[in-house]
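Below is one structure, written out as structure tokens, with a few remarks after it.
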Amino acid sequence: MMRRPILLVVLLAAVLLSACTNTPGRSDQVVVTGSTTILPIAEVSAEMFHRLRPDVRVLVSGVGSSAGIESVSTGSSDIGTSSRDLKSEEGGLGLVDTPIAYDAIAVIVNQSNPVESLTKAQIKAIFQGKIRDWSQVGGRGGSIQLVNRDEASGTREAFSKIVMDKEPFDPTAAVLPGTGQVRAVVAQSPGAVGYISYGFVNRSVKAIAVEGVRPSEKTVFSGAYPIQRTLHFFTKGPAAGLARSYIDFVLSDSVQKTIVGEAGFLPVSERSR
Amino acid sequence: MAEHTGAPEPADELRLVTRATYLRELTLKNLFLLCAFVAVLGVLLIFVFVGVRGWPAFTEIGVREFLFGRVWSPSTEQFGILPLIWGTILVMAGALALGTPLAVATAVFLSEIATPRVRSIVRPAVELLAGIPSVIYGFFGLVMLRPIIAEWSGGLGFGAFTAWIILAIMIVPTIATLSQDALESVPDGIREASYAMGATTWQTIYKVLLPAAKIGIFDAVILGMGRAIGETMAVLMVVGNAPVFPKDVFSPLSTLTTQIVMDMPYAVGLHRTALFGMAIILFVVSMSLVAVVRLLSRLGEER
């Protein structure tokens, strides 16, 4: 009976030791961390990349743009994905930017909401909490329920810059940690309004026309839709080795012409930079 | 076994057991000591780490601004955690108010009323509640409970009320099992005396047994309180995470733990320090709860 625990301890130690010796195997993997908006592109292209190069694993996780930038600058990941530009205090981190797609941010409401169009000024006032009832913007009476994203979100950062002119959001808004959650909550609540990447808009919610322009592939393409931004891959210094091959793959036609478009984004090649 | 290990001279041991057995005993004894030490070291390291990282929150932000500031807005360098403290207290108090009667009633039922057959079904079911990961509770709250409350209240369904219901269910097993132990440790003689005086079951329960077990039940409630304060994941998914004083229990709010989780991935500089400062407060609160429990059980022993 006394043998058992000792055996267990020895086994445990062996497992721990072997785990230690295995960790430096980073050479055959690329760690990609950051924006939840870019997650679908990064994940699908990671799978395709793995099929082309079975010896390489691309590990993708979505934790928010700021976390991605933090992670690549500390060296925890090889590529940080971000749906916002670098902030001024992040300028000195030595990060190199590769734009991989363009995206529009859609303002979404419940399907039962009769409001079809809002101006940018109205949207700003709504998210500042100055307009609190749908009747003030031509809808049925009823209080407006704001759904906001967390501060790590690149979508929030971009929305704040383009629509809010960096002025603060209404702090009483519900803050949800993911694009999917925002969409699900707006889809279920008649009075709710939120904003998500155009690539995530589906039939469960209604994307509102901004300044009279409804987001669509065409209006995003032409630049007529006013709430647009760039999606980035950041690397610490110029990308090298496997990270370089993965980025090149994402920029190649086989990703840009299929996955990027299917996800509802605009390929970088379509518009001259 | 205890006599063997307590013996001062190894030579004495050798007469009782073989040398191999003695060595094995000694090794295991030290191994267990090491394990216990790891736990103590863990607590100590966490305390020191959180303390060192969080202390500047009190000196740089200022105790007044930090603890009593009414605005939490890291992007504008405002780190007032009063709304978060208020949120924590509100969520915890409501959950206790809902959960305690439920849990104590469950304990009374299990220890005094249920037949052994019923008890053998209900007790494992209650204990199973404790084994469900909190993210499952949160998901249940988000997907099932929130839409119902949203429809009922006309809001989004994120808020203290939703958190109360979820947390109340979560703390039931903690309070119920400990209260049941407290009730069962009341000597049978007291029960028999009560019945012999002509008291009914109900009179026995609330006039005799509950008062007799009150310190144990109070202990259980305080441990449940600790669980309610520390619970993060489930609460995060249903409170709506708005760092403000909510206008009612159906409006989004935030607690200390949920705000730490929401902000930790991207916080830098003073913001990060403030999060560690919040962790210090949580640490102090949970330590004082444990201290109260210890004090109470000592009081119970003295009586």
Side-chain angles (χ1 to χ4, degrees), chain A residues 1-3 5-6 8-9 33-34 61-71 73-74 82 87 89-90 110 129 142-154 156-157 160 166-178 181-182 184-194, chain B residues 20-21 23-25 27-28 31-32 34-35 70-76 78 83 138-139 142-143 146-151 153-159 162 233 236-248 250-254 258-259 261-269 271-272:
Chain A
M1 275 309 269
M2 276 295 168
R3 279 254 140 91
I6 296 176
L8 256 173
V9 168
T33 315
S61 60
V63 291
S65 296
S66 296
I69 290 168
E70 158 99 15
S71 163
S73 57
T74 56
S82 168
K87 294 176 189 169
E89 67 263 29
E90 290 164 342
N110 191 269
S143 68
I144 297 178
Q145 263 112 39
L146 292 179
V147 182
N148 203 351
R149 281 295 308 279
D150 55 291
E151 287 203 33
S153 156
R156 172 178 172 142
E157 182 74 25
S160 156
K166 291 258 162 196
E167 282 170 44
F169 286 93
D170 178 1
T172 63
V175 175
L176 303 186
Q181 276 197 38
V182 173
V185 167
V186 172
Q188 287 172 338
S189 319
V193 58
Chain B
T21 309
L23 276 177
R24 203 182 290 153
E25 293 281 312
T27 318
L28 279 174
L31 192 71
F32 287 131
L34 192 75
C35 290
R70 300 173 66 89
V71 180
W72 173 264
S73 170
S75 50
T76 55
Q78 284 166 289
F139 194 66
L142 180 68
V143 175
R146 186 194 59 77
I148 298 170
I149 290 170
E151 200 161 316
S153 68
L156 287 172
F158 289 109
T162 319
M233 206 55 219
L236 174 83
M237 292 168 86
V238 296
V239 286
N241 309 308
V244 292
F245 295 95
K247 69 175 194 295
D248 54 39
F250 302 109
S251 304
L253 77 163
S254 206
T258 61
Q259 200 63 41
V261 173
M262 290 293 282
D263 289 8
M264 202 45 110
Y266 72 94
V268 286
H271 184 190
R272 180 160 279 230

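Predicted model, so just to flag it, every value in this text is computed and none were measured. Labels below follow one simple rule: chain letters A, B, ... track the order of the sequence lines, proteins then strands, and each chain is numbered from 1.
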Look at [options] and state which one has the largest set of heavy-atom pairs under 4.5 Å with chain B.
options: A/Gln181, A/Glu151, A/Glu89; result: A/Glu151
options: A/Ala67, A/Ser189, A/Pro171; result: A/Pro171
options: A/Ala152, A/Ser66, A/Gly142; result: A/Ala152

inquiry  = With a 4.0 Å cut-off on N to O distance, would you call A/Glu157 and A/Lys166 a salt bridge?
reply    =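 Yes, this pair counts.
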
message = If I measure from the heavy atoms of chain B, does A/Ala173 come under 4.5 Å with its side chain, its backbone, both, or neither?
response =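 Contact with chain B: backbone only.
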
ask   = Which bit of A/Leu146 comes within less than 4.5 Å of chain B, counting heavy atoms only: side chain, backbone, both or neither?
value =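 Interface part for A/Leu146: backbone (N, CA, C, O).
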
query = Taking the side chain from B/Ser153 and the backbone from B/Ile149, do they hold a donor-acceptor pair closer than 3.5 Å?
reply =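 Flag set: sc B/Ser153 to bb B/Ile149 pair under 3.5 Å.
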
request  = Report yes or no: does A/Gln145 contribute a side-chain atom to a donor-acceptor pair with the main-chain N or O of A/Pro190 at less than 3.5 Å?
outcome  =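 No: the side chain of A/Gln145 does not pair with the backbone of A/Pro190.
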
Side chain proximity check, [X] to [Y], heavy atoms < 4.5 angstrom:
X: B/Arg146; Y: A/Val185; answer: yes
X: B/Asp263; Y: B/Trp72; answer: yes
X: A/Asn148; Y: A/Arg156; answer: yes

Which atoms of [X] are under 4.5 Å from chain A, going by heavy atoms: the side chain, the backbone, both sets, or neither?
X: B/Ser254; answer: neither
X: B/Val268; answer: side chain
X: B/Leu236; answer: neither

task = Report the option among B/Val239, B/Leu156, B/Thr21 that has the most heavy-atom pairs separated by less than 4.5 Å from atoms of chain A.
result =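 Result: the option with the highest number of such pairs is B/Leu156.
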
query = Near B/Lys247 NZ, under 6.0 Å, is it more than 12 heavy atoms from other residues, nucleotides or ligands?
reply =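 No, not enclosed.
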
